[in-house]
Structures are given as structure tokens and as C-alpha cells.
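Okay, structure first, notes after.
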Amino acid sequence: MTGGAGGTGRGRGPGGAGRPGGPGGAGGSDRSGGSGGRRPRGGPGGGSGEGRVGGRQRNPARAAGEARPRGALAPSERRRGGDPARTAAFDVLREVATSDAYANLVLPPLLRRRGVRGRDAAFATELAYGALRLRGRYDAVVEIAADRPAERIDPPVLDVLRLGAHQLLGMRVPAHAAVSETVALARTVVGAGAAQFVNAVLRRVSTDPLDVWLDRVGAAAGDEIEALAVRHSHPAWVVRALRQALVADGRDPAELAALLEADNTAPAVTLVARPGLADRDEVLASVEGASPGRWSPAAVVLGGGDPHDVVGVERAAVGVQDEGSQLVALALVAASPTVDGERWLDLCAGPGGKTALLGAVAARTSGTVVATEVQPHRARLVEASVAAVPQGVVTVRCADGRTVGSDEPATFDRALVDAPCTGLGALRRRPESRWRRSPADVPELGALQRDLLGSALDAVRPGGLVAYVTCSPHVAETRLVVQDVLRRRPDVEQLDARPAVRAVAGDAIPLGDGPAVQLWPHVHGTDAMFLALLRRTDDDGASTGPDAAGSARTTD
């Protein structure tokens with residue numbers, strides 16, 4: 001337990017007592033601490049409006065002539081600075097905003113450097129990730145409480161308000177502690193004048209529960225999509241894209257709210273016990289609270305703790321990998337019978353989770369895998385991921401995947417294209433990503449996706465299989481890319497991917513209309529992975545090689 005914990009007043013987040021090192025962390029101590037005072041009351045009152053530090057700001061309660069409530073802290077008694085957990089969360093939000101950093105890469109080492117551990121680390125994790133993930137919701141609440149647009153509030157002050165709003169509306173932190181501790185943080189990081197503005201706004205937020213605020217911000221939205229966007233804290237363009245993707249998969253658009261809510265729920269950490277390198281049953285027996293995955297025969301779901309403490313993770317026999325990611329890689333193998341000595345290609349290999357899984361499987365049949373990655377630092381991550389795979393099975397190359405098809409035509413038996421995408425299918429584990437993408441990203445990525453898929457198809461022999469995969473369900477990145485390539489390639493046919501997925505996951509897995517497979521967080525508990533299976537035919541379009549069970553030639 002670190003310093004300052006005794007007066008933080010922190011409670012557990014929505015996910016319970018979670019993991020301090022990852023997005024599943026929630027947790028806290030349910031202490032109200034020494035904040036004293038009654039539940040704050042009142043609205044934002046006077047002040048600068050934007051929360052800018054400059055002129056003197058009179059306390060709103062004093063300006064209105066109110067007496068200090070019984071039990072409220074005198075100025076000499078107030079905490080003069082934020083506690084370590086809240087300060088760490090604030091620093092993460094600023095780093096994400098100013099340096100385009102990723103919270104999951106910034107927060108764990110920051111906590112280690114500052115010695116923030118245990119429940120304090122879990123509290124900081126839930127606070128930072130929750131404030132980032134639900135930024136759109138909290139900005140709408142703050143705008144009403146402060147009676148001015150969020151754009152008119154200085155960004156550091158707005159980040160403090162987001163942290164306070166998440167404690168009040170998204171965590172079980174007592175209102176008086178959430179307000180007083182966040183105001184103490186504000187004094188340290190944005191100054192005394194802005195701290196008065198923070199106090200006034202958070203007092204106003206604390207007067208109503210979350211459901212009342214959701215009704216209020218929803219009523220202020222322009223239409224149904226805008227209301228869903230602000231209530232569930234997604235950009236409106238993302239909400240529209242997800243609705244279109246549900247319809248394209250034959251699902252009821254009424255599921256949209258459940259999908260958005262799943263995006264806002266921190267996922268459990270899932271491990272992969274790489275076949276031949278680790279035994280899943282042994283991993284399950286060695287980790288308290290662990291359970292088998294629902295769909296992948298290699299998946300282990302952790303009930304808590306640090307995944308790096310699990311036996312086998314350090315030597316890369318076991319790795320952290322979403323179950324959907326495991327499933328699409330294994331489906332490429334299950335799509336047709338394998339023979340000894342096959343050559344496989346992973347065209348966009350970084351950071352290496354799918355490469356390591358394919359390498360472990362290939363090693364059992366004397367196969368080999370060539371993994372290409374255009375970014376040197378990601379290529380190094382691939383090398384680390386395959387460290388446990390037998391020597392000589394995986395070859396990692398730092399190269400542009402778009403040239404592999406022309407450099408090595410008709411060379412490989414199977415290829416995986418895990419194409420760069422908007423990442424809209426992994427919003428639940430990347431809290432800031434939804435705010436970094438825009439509709440303008442989709443056409444640029446679409447051109448790259450088409451080039452990579454074309455290169456992979458050139459790289460496989462006639463009869464060879466290509467799995468086109470994205471961690472986005474956006475129709476323009478998935479079905480439209482595949483359809484466009486098929487129209488231009490008479491030597492390619494699309495297979496029904498559902499039998500291959502069922503061969504891995506079992507017949508009980510719910511799937512759409514096909515021939516592609518789209519996984520969903522609210523249905524499968526995985527990231528929203530998309531999988532299309534394509535086969536290279538003879539140049540005249542004649543099919544070569546055995547079909548996957550139940551595969552179907554498509555004509556569009």
C-alpha cells in the first residue's frame with residue numbers, strides 16, 4: 001500500500017476487484033477516508049467558466065452567502081495535493097492527450113516507478129481507463145453541469161473533471177470523497193483557482209445518479225444515433241458503422257446498444273497455451289481462478305492477477321491473446337487438411353501472437369512459417385513472441401507485405417493477412433482508440449488492405465488458402481474489401497469460413513449468414529474479429545485442392 005491511501009475514499013469499479021496491470025483492473029478499498037463533510041451540493045456557480053488559472057475565483061458557496069456545512073473541512077485542513085493513485089491516472093490522461101501515447105503502455109510502468117501497488121494500482125487503472133473509455137459520456141455531463149461546451153474548458157482541467165465524473169458516476173466511490181480528493185488533485189495539477197471551478201462542477205454532478213444523467217444527455221442529442229453515441233460514449237460515426245456491420249452479418253440492429261455496452265466493459269485477460277509448447281490443462285491447474293476459454297481449445301481465461309506471473313509466459317510458451325484472435329488463426333489451419341512440410345505466410349505479423357500460434361502448430365507437422373512485418377520494432381516483438389517455437393520453424397523478416405506476392409509468387413500453401421485496420425473491434429481493450437480514429441482513415445486503410453490481400457493471393461500456390469482478418473467489423477474494411485478483390489481476380493474464390501470456425505470452436509458457436517465469419521463482443525465475448533477464407537484457383541478459375549467442409553464458391 002502506498003502513501004496517501006488512507007484518505008482516498010476509493011471504491012471498487014464496475015468490474016470488481018480487478019487486475020492492477022491491465023484493462024480488466026477495477027478494484028479498490030471502499031474506504032471513505034478522511035475527507036469529512038457532507039455530500040457536496042450545488043451547481044458550478046461563478047468563476048472563469050473555462051477553469052483557466054489567472055484571476056482570483058471566489059468560492060461559489062461563499063459568493064452566494066452560504067455558510068460552510070457542518071463538518072466541512074477548513075482551508076487549513078484540506079489535503080493540499082492529490083493522492084498517488086489519482087495523480088497517476090491524471091498523468092496518464094495527459095500523456096495520452098499530448099503524446100498520442102497508449103494508456104496500456106504508459107500506466108503499468110508508471111505505477112511501478114512510483115511504487116503504486118495492490119488496491120491503489122487497481123484503483124488507478126480503473127480510474128484512468130474508465131475516464132478515457134467514457135470520455136464522450138462524461139464530457140456531455142460536464143457540459144451540462146458547467147453550462148458551457150467542453151471545448152471552452154482548458155484540457156488539463158477537463159481531464160480532472162473526467163476523473164471526478166468517473167468516480168461519481170462509474171465507480172463506487174462515496175460522493176464526498178470523490179469530490180474532495182479530486183479537488184485536492186486539481187490544486188496540485190491545475191492550481192487553486194481552477195480547483196474551485198472543479199469543486200463547483202463536481203458538486204453539481206454529484207447531485208444526480210448515472211441513470212438521470214444518461215437520460216439528460218440523451219435527451220439533448222439530435223437523433224437516436226447521437227443519443228446512443230453520447231450515452232455509450234462512442235463517436236457517432238462509429239455507432240453508425242457498427243450498426244451497418246450488424247445488419248451485414250444478418251443480426252438484429254436492436255443489438256446495437258448491447259454491443260456498445262460490451263465495448264465499455266473491460267475484458268478478462270485471456271491466455272493462449274501454444275500447442276506443443278504448453279499444456280492447457282497444466283496452465284489451468286497452476287493458476288487459481290482460471291477457466292477454459294469458450295471457443296479456442298488453447299484459451300485460458302484468468303480470474304485476476306498478473307498474466308506475466310503465469311508459468312510459461314516468460315519463455316513465450318504461453319502468451320496473452322484474445323480468444324477471437326486465436327480462433328481466426330486456427331481456422332486457417334482447420335480450413336483444409338494439412339500435409340507435412342507446408343509453408344505458411346503471416347503477411348502482417350506484428351506483434352506476433354498469431355505468428356507464434358501458427359508456428360507452434362506448424363512445428364508439429366514439419367511445417368514452416370515466414371512472418372513479415374514492415375516496422376522494425378514490431379518485427380522485434382514477433383521475434384520475442386516466437387521464442388519458444390522450435391528453431392528454424394519461423395523466419396521473421398522486416399519487409400513490406402505488399403511486395404511479397406511479386407517477390408515470391410506461388411510459394412506458400414497458406415497465408416494469413418491480419419490487415420492494419422481502424423481497430424473498431426477492440427475498443428474494449430484500447431480505451432483511447434475510439435477517439436483517435438475518424439471516417440477519413442477508412443479509405444486510406446482500405447487501399448492498403450486491398451494491396452495486402454492481393455499480395456497474399458499472389459504469394460500462395462494454386463489451391464493455396466488465404467485468411468483475410470481484421471480486428472474491425474466495419475463493412476468498408478471487411479466485406480467490401482473481399483468483394484472488390486474477388487471482382488478483380490477470376491483466379492480466386494471465397495470459401496464458407498463457418499465450417500472451419502466450427503471445426504475449432506464446436507458446433508454451438510453462433511455464427512451469421514456467411515460465407516465470412518464476424519465475431520462480436522456481446523455475443524462471443526471476444527474482440528469483433530472478421531474472417532474471410534479465400535482460395536487461389538487455376539488461372540482459368542478452376543478450383544484446385546479439397547474444399548473446407550461445407551465451403552461454397554461465391555460469385556460476387
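At a threshold of 4.5 Å between non-hydrogen side-chain atoms, the residues Glu282 and Arg280 do not count as touching. Inter-residue side-chain proximity for Leu345 and Arg414 is flagged as unmet; no heavy-atom pair is nearer than 4.5 Å. Counting heavy atoms from C-beta on, the side chains of Leu259 and Arg243 never come closer than 4.5 Å. Between Val523 and Pro510, the closest side-chain pair of non-hydrogen atoms falls below 4.5 Å. Looking at Leu465 and Leu495, their side chains come closer than 4.5 Å, going by heavy atoms from C-beta outward. Taking 4.5 Å as the limit, some side-chain heavy atom of Glu477 sits within range of a side-chain heavy atom of Leu445. No side-chain heavy atom of Val320 sits under 4.5 Å from any side-chain heavy atom of Thr270. In this structure the side chain of Val283 reaches within 4.5 angstrom of the side chain of Val318, judged on heavy atoms.
Under a cutoff of 6.0 Å and an axis angle of 45°, Arg240 and Trp237 do not form a cation-pi pair. Relative to the ring axis of Phe530, Arg479 does not place its NZ or CZ within 45° and under 6.0 Å from the centre.
Ionic pairing of Arg86 and Asp83 is present here: one or more N-O contacts between side-chain nitrogen and carboxylate oxygen are shorter than 4.0 angstrom. Using a cutoff of 4.0 Å between basic side-chain nitrogens and carboxylate oxygens, Asp418 and Lys354 are scored as salt-bridged. With respect to Arg231 and Asp215, a salt bridge is recorded, a charged nitrogen being found less than 4.0 Å from a carboxylate O. The residues Arg94 and Asp159 are annotated as salt-bridged, a charged nitrogen and a carboxylate oxygen being separated by less than 4.0 angstrom. Between Asp208 and Arg216 there is a salt bridge, since a side-chain N of the basic residue sits under 4.0 Å from a carboxylate O of the acidic one. A salt bridge links Arg429 with Asp322: at least one charged nitrogen is closer than 4.0 Å to a carboxylate oxygen.
Of the inter-residue distances, the one linking Thr87 atom OG1 with Arg114 atom CZ reads 7.0 Å to the nearest 0.5 angstrom. Leu242 CG to Asp263 CG: the interatomic distance, rounded to the nearest 0.5 Å, is 6.5 Å. One distance of note links CZ of Arg135 with CD of Glu432; it measures 10.0 Å at 0.5 Å rounding. The structure places OG1 of Thr125 at 14.5 Å from CZ of Arg119, a figure rounded to the nearest 0.5 Å. Distance check: Glu181 CD to Leu163 CG gives 13.0 Å after rounding to the nearest 0.5 Å. Remark: Arg274 CZ to Leu358 CG distance equals 11.0 Å, nearest 0.5 Å.
Counted by atom type alone, Thr422 and Ser472 present one or more donor-acceptor pairs between their side chains at under 3.5 Å. For the 3.5 Å distance criterion, the side chains of Glu126 and His166 qualify, holding a donor opposite an acceptor. With 3.5 Å as the limit, one finds no donor-acceptor pair spanning the side chains of His308 and Glu314. Of the N and O atoms on the side chains of His232 and Glu261, at least one donor lies less than 3.5 Å from an acceptor on the other residue.
The minimum heavy-atom distance between Ser233 and Trp435, with the atom names listed, is OG-CZ2, 3.3 Å. Closest approach of Val301 and Ala268 over heavy atoms only: CG1-CB, 3.7 Å. Looking at every heavy atom in both residues, Ala334 comes nearest to Ala503 through CB-CB, 4.1 Å. The minimum heavy-atom distance linking Ala85 with Ala124 is given by the pair O-CB, 3.5 Å. For the pair Tyr129 and Pro431, the tightest heavy-atom approach, listed with the atom from each and the gap, is O-CB, 3.7 Å. Scanning all heavy atoms of the two residues, the minimum distance from Leu93 to Ala131 falls at CD2-CB, 4.1 Å.
Within 6.0 Å of CD on Glu224 lie no more than 12 heavy atoms contributed by other residues, nucleotides or ligands.
No side-chain donor-acceptor contact under 3.5 Å links Asp139 to the backbone of Gly136. Between the Glu373 side chain and the Gly350 main chain, a donor and an acceptor come within less than 3.5 Å of each other.
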Would Arg148 and Glu143 count as a side-chain contact (heavy atoms from CB on, under 4.5 Å) if you check the C-alpha gap in whole Å, the side-chain angles of each, and the deciding distance to 0.1 Å? CA-CA 5 Å; Arg148 56 192 50 93; Glu143 287 183 344; over 6 Å; no
Working note: His524 + Met529, criterion side-chain contact (heavy atoms from CB on, under 4.5 Å); need CA distance, chi angles, decisive distance, verdict.
CA-CA 10 Å; His524 305 98; Met529 304 295 296; over 6 Å; no
*asked:* Please determine whether side-chain hydrogen bond (donor to acceptor under 3.5 Å, both in side chains) holds for the pair Gln167 and Thr182, giving the CA-CA distance in whole Å, both sets of side-chain angles, and the decisive distance to 0.1 Å.
replied: CA-CA 9 Å; Gln167 292 169 71; Thr182 306; 3.0 Å; yes
Using salt bridge (charged side-chain N to carboxylate O under 4.0 Å, His left out), reason through Arg502 and Asp496 one step at a time and then give a plain yes or no.
CA-CA 11 Å; Arg502 290 188 177 114; Asp496 190 339; over 6 Å; no
Using the rule given for side-chain contact (heavy atoms from CB on, under 4.5 Å), can you reason through Leu330 versus Ser296, listing the C-alpha separation, both sets of side-chain angles and the distance that settles it, and then say yes or no? CA-CA 8 Å; Leu330 293 173; Ser296 167; 3.9 Å; yes
#### Entry: Check against side-chain contact (heavy atoms from CB on, under 4.5 Å), Gln321 and Leu271
CA-CA 5 Å; Gln321 187 175 19; Leu271 303 180; over 6 Å; no
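When each of Asp249, Asp527, Thr526 is checked for a side-chain hydrogen bond (donor to acceptor under 3.5 Å, both in side chains) with Trp520, only Asp249 meets the rule.
Among residues two or more places apart in sequence or in another chain, the ring-ring contact (aromatic ring centres under 6.0 Å, His included) test is passed with Tyr468 by none.
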